[in-house]
Each structure stands twice: as structure tokens, then as C-alpha cells.
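Presented below is the structure to which this report refers.
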Amino acid sequence: MEAPTVVPGAGEMSAVAARSREGSPEEDGFGPSALGTREHWDAVYERELHTFQEYGDAGEIWFGEESMSRLIRWMEKQKIPLDASILDIGTGNGVFLVELAKFGFSNITGIDYSPSAIQLSGSIIEREGLSNIKLKVEDFLNLSTKLSGFHICIDKGTFDAISLNPDNAVEKRKQYVKSLSRVLTVKGFFLITSCNWTKEELVNEFSEGFELCEELPTPRFSFGGRSGSSVAALVFQKT
């Protein structure tokens, strides 16, 4: 029996981003990477779907289980209503949707531009016996449906991937902000977890139409007398 395929994750993306920043001539500091292409993620989720069908393995939890718990704790602390409309941008295998539903949230939508990701999400959600989660194949940069009115939008790694796109990533980041403004209600919250961007950089990226509400605690590291965090987790509010 072959072992399940190991797919690239947040650690790999972080490493690529770090290498890309060093001596990069790119205007935004990131060099292009396959991690920023739809072809890469289609291949990833085709393998993950096959692995799930063969072994029942749901695949990687993006940024780990703690990343999901961190966001849910914040929503609980803020007393976000359980019927608040929530959009998971780039939902991948949909595991975070499952956790939200298990917590009690009842108006949840997950989108991804990879049909295999949505198929995998649907299979995992069905296995969990959940029926109140909506899934859509959607490119967030080129929305084909009238997605709007969300109280909460969540991103765990999608903006990171867009930042590595070899085809005009700067414009794609700007389009991401426009799409976010379109789908999120006024005073709605945007929760982003990133391994590519610092707090200050993210504040700059989302300066038009959004204000920083809170920086969520993330694991820190120390080396050579200096300390820092390899992951940024921020909460913005649409103004």
C-alpha cells in the first residue's frame, strides 16, 4: 500500500516567500513561484482528493489546528452571532468550515477556484454529516456570482498564494482588496492569517477601505538574541 501523498503547505510557502524576498528585484519584494498558480493548486487538490478517496485522510490543516482555534476563539470573544454569514476565501479541503459548523455557526460558505478542492470539501463535509455548509467554485479575483453581504471573511493563505503569482501579482493583490470590499458588509470583519506578510505590510495592503482592529497572538521564535513571529494573524474591519 502506498503512503498518502505529501502536499506542500504553509511551511513550504513561507520558505519560498523568504527566499523570494532576499535580493528580489520585484517591486513588491516577492519573486514568482508555482505556489501562486492555479495549475499548482489544482494538482495539489487532485492528489488530496485521491488520497481522501483511498485512505480517508482529509489532508493538511492550513497553518495547523491552532490557527483554526485562534480565529474561532476571537469570534467567540466578540460574541459574533451564530447566524452571522461567514465566507472562507480559498477554503481548500474545507476542514475549517467543518470546525465552524461544529462550533455552532449556521450560515457558512466556502469558495475555491479549484473544482477538486470543492469536491474534496464536499466529501469531507458529507462524511461529517453536515448539511448547512454552502460550497462554490469561485475565483475570488473574478467573481462570477453576486457574492455579497458577508459579516465575516476569512483568509488562511490565499492572499499569500496570490502574492506569489508570476503574472502581475501587484494588480492581483489590488483586485483581491476590491473583491473583499464587494463581498463584505460595512463594519464587517476580515480575518487574515499570513506567513508571507508582516503586520505592517498587511496594514498597508488593506489601507483602502479597511482599518486594523486587532493583532491575534501567534507562536513566536527566538534565535541569536532576537525574537519574532513567522505568522501574522490580523483582524480588519471594513470602514
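Quick note: numbers below take in every heavy atom, side chains included, and nothing from hydrogens, waters or symmetry partners.
Using a 4.5 Å heavy-atom cutoff, the side chains of I154 and I89 are not in contact. Side-chain contact between M68 and K156: present, with at least one pair of heavy atoms (C-beta onward) separated by less than 4.5 Å. In this structure, F189 and L184 have side chains that are not in contact, with every pair of non-hydrogen atoms separated by 4.5 Å or more. When side chains are defined from C-beta on, L141 counts as touching I162, because their heavy atoms get closer than 4.5 Å. In this structure, E76 and F103 have side chains that are in contact, with non-hydrogen atoms separated by less than 4.5 Å.
A donor-acceptor pair is defined here as one N or O able to donate and one able to accept, closer than 3.5 Å; such a pair exists between the side chain of E201 and the backbone of T198. In this structure, the side chain of N142 does not engage the main chain of S144 through any donor-acceptor pair within 3.5 Å. Using a distance-only test at 3.5 Å, with no hydrogens or angles considered, a donor-acceptor pair links the side chain of D155 to the main chain of F159. Using modelled atom types, one side-chain atom of S121 and one backbone atom of A117 make a donor-acceptor pair closer than 3.5 Å. Distance alone, capped at 3.5 Å, places no donor-acceptor pair between the S69 side chain and the E66 backbone. A donor-acceptor pair is defined here as one N or O able to donate and one able to accept, closer than 3.5 Å; such a pair exists between the side chain of R70 and the backbone of P217. In this structure, D160 contributes its side chain and C195 its backbone to a donor-acceptor pair below 3.5 Å. Between the side chain of T185 and the backbone N or O of F150 there is at least one donor-acceptor pair closer than 3.5 Å. In this structure a side-chain-to-backbone donor-acceptor pair under 3.5 Å is present from H151 to S85. A donor-acceptor contact shorter than 3.5 Å links the side chain of T218 to the backbone of V231.
More than 12 heavy atoms of other shown residues, nucleotides or ligands fall within 6.0 angstrom of atom CD in Q78. Counting non-hydrogen atoms of other residues, nucleotides and ligands closer than 6.0 Å to CD of E208 gives a total of 12 or fewer.
For the side chain to side chain contact (heavy atoms under 4.5 Å, CB included) with L71, the lone residue among L100, I192, L191 that qualifies is L191.
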Check against salt bridge (charged side-chain N to carboxylate O under 4.0 Å, His left out), K102 and E128: CA-CA 10 Å; K102 287 181 176 179; E128 295 291 335; 3.2 Å; yes
Audit row: E205, K174, salt bridge (charged side-chain N to carboxylate O under 4.0 Å, His left out) steps and yes/no: CA-CA 8 Å; E205 289 291 313; K174 292 178 180 177; over 6 Å; no
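Within the structure, salt bridge (Lys or Arg N to Asp or Glu O under 4.0 Å) contacts touching residues 185-199 (residues at least two apart or in different chains) are K199-E215.
What you find for I118 and I111 is that their closest heavy atoms are CD1-C, 4.2 Å.
With rounding to the nearest 0.5 angstrom, the CG atom of L202 is 8.0 Å from the CZ atom of F190.
With ring centers used as reference points, F140 lies under 6.0 Å from Y176.
Under 4.0 Å is where a charged nitrogen must lie from a carboxylate oxygen, and between E214 and K77 at least one such pair does.
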